[in-house]
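Report on one structure; see the data block that follows.
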Amino acid sequence: MLSIPLLNGQPPQKHTKSIISPTRSIALVDVNNFYASCERLFSPQLEGLPLVVLSNNDGCIIARSQEAKDLGIPMGAAFHMIKDMLKRQDVQVYSSNYALYGDMSARVVSVLKSFTPYLEVYSIDESFLDLTGFSDLHAYSHNIRETILRWTGLPVSVGVGWTKTLAKIANRMAKKEPNFKGVFVMPNDPEDILKRFNVKDVWGVGEKIAMRLKELEINTALDLKQANPRFIREKFSVAVERIVLELRGTQCLSIETKPPPQKGIIVSRSFRKRITNYNHLKDAVTTYTNRAAEKLRRQGLVANKLTVSLRTSPFDMTQKHYANAANFIFSEATMNTPEMIQAAGSCLKKIYKPGLAYQKAGVFLDALENTQMAQRSFFSAPRTKRIKTSTLMRTVDQINATWGRDTVHFAITGRKQDWTMKQNHKSPCYTTRWQELKQVRS
């Protein structure tokens, strides 16, 4: 172990007393084993069975139930390499069902909004809530947990602290310790908790920083809390210094009730099988462009730049690896799908090479602006034409949102789509497609 060097001639100060001021309360609500829980929700017979969810094209394991974790099935394991082992151990296998997961996530968030208007959706299965001012945080957190379970059927864990970092630790305690029954509120003096918490498990630290911290004899969350913030900033970064301050109860990361404006939108997929036909490749790129344009309009944005990328498999030894991209700059920021499809087609022509078997393509929209603030060009279309185009795009989006994706679609996207992702183990879209609703017979 390395000893901690002096800072400005003085050793780093350590604080043995908690300086947390219980004036602000932040809760982290996290759905337990989210993808696996969504699959079990509509198939109760899966309860208690080990279950894994696969990535795009059924490539590798990206989610596991607790039973699968207990079997030692590793995250990120290639499905084709452990397929036989999963079958022997009767592990239930599912392809990613993003429509189902996204809809269930939105339902959880809608329930959380009934408990506080100050909410940040951090990820598909995690949200931070500002619960400042509530007197009985323990009872209120149990109410949140029970309401979500009753209204959505999904189990969650609730951790409460005075900063986001402490809330993360509290949530982990709520999830890992059965005695807490899914809820843990950080005590006024959390040092007994922090000294049991490995520094690598602190939110924002990770393996590489943890290794450097351990060389300085900082092994636990309590050690990190007691380290000199100035020393940590000099040795690491301001981001790690903020972690120290957050562990001490000083709020450095606020609740972001409005997500920051998106800088880019990407739709990129690996194909079910290698594509050699140009028209099939064009169908895929056109479909991805359509998806990206839908996301763009949903956020009230317009794009100034479109990029198309294309590549062969880097692991295919039968041909030389090829990867390329081309972009198109619009004369005026747009959200018009036909205009984007035309631009994507011209980009694809520039980078397509015949005779290659392509594995993946992607469309990226960049230089985004708010629709109301976008700069018009000197040769901009008349306002009436822009309004008609905008109304048409909104109408198409509304129809597809109501009756299902691609109810109205552009003919150029094709309908056969043999290139789509491999999803051999996909469950029905129980909540987003009329024809796949769960049927109950008496």
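Ring pair Tyr140/Phe134 is parallel by interplanar angle, where below 30° counts as parallel and above 60° as perpendicular. Relative orientation of the Phe180 and Phe184 rings is tilted, given thresholds of 30° and 60° on the angle between their planes.
Electrostatic pairing of Arg24 and Asp130 counts as a salt bridge here, judged by a charged N lying under 4.0 Å from a carboxylate O.
Atoms CG and OG1, on Leu194 and Thr165 in that order, are 10.5 Å from each other to the nearest 0.5 Å.
The stretch residues 64-91 participates, sequence neighbours left out, in these ring-ring contact (aromatic ring centres under 6.0 Å, His included) pairs: Phe79-His425. Note on residues 199-209: pairs passing side chain to side chain donor-acceptor pair (under 3.5 Å), not counting sequence neighbours, are Tyr122-Trp203. Within the structure, every pair that satisfies the salt bridge (Lys or Arg N to Asp or Glu O under 4.0 Å) test and touches residues 64-84, not counting sequence neighbours, is listed here: Arg40-Glu67. Here side chain to side chain donor-acceptor pair (under 3.5 Å) pairs that include residues 149-160, with residues two or more places apart or in two chains, are Asn32-Ser157. The salt bridge (Lys or Arg N to Asp or Glu O under 4.0 Å) analysis of residues 96-124, with sequence neighbours excluded, yields the pairs Asp103-Arg107, Glu120-Lys164. Applying the salt bridge (Lys or Arg N to Asp or Glu O under 4.0 Å) rule to pairs touching residues 174-186 yields Asp30-Lys175, sequence neighbours excluded.
Partners of Asn279 according to the side-chain hydrogen bond (donor to acceptor under 3.5 Å, both in side chains) rule, which considers only residues two or more places apart in sequence or in another chain, do not exist here. Shown here are the side-chain hydrogen bond (donor to acceptor under 3.5 Å, both in side chains) partners of Ser123, two or more places apart in sequence or in another chain: Asp125, Glu126. Every residue was checked against the side-chain hydrogen bond (donor to acceptor under 3.5 Å, both in side chains) condition with Asn400, not counting sequence neighbours, and none meets it. Residues satisfying the ring pair (Phe, Tyr, Trp, His ring centres under 6.0 Å) criterion with Phe34, sequence neighbours excluded, are absent altogether. Looking at residues two or more places apart in sequence or on another chain, you find no salt bridge (Lys or Arg N to Asp or Glu O under 4.0 Å) involving Arg298. Applying the ring pair (Phe, Tyr, Trp, His ring centres under 6.0 Å) criterion to Tyr118, with sequence neighbours excluded, gives no partner residue.
Side-chain atoms of Thr220 and Asp223 include a donor-acceptor pair closer than 3.5 Å. There is no side-chain donor-acceptor pair under 3.5 Å between Glu246 and Gln251. For Arg297 and Thr337, the side-chain atoms include at least one donor-acceptor pair closer than 3.5 Å.
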Leu86/Ile73 under side-chain contact (heavy atoms from CB on, under 4.5 Å): CA gap, chis, key distance, verdict: CA-CA 9 Å; Leu86 295 177; Ile73 298 171; 3.6 Å; yes
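Annotation: side chain of Met340 is in contact with side chain of Leu365 (closest heavy-atom distance under 4.5 Å).
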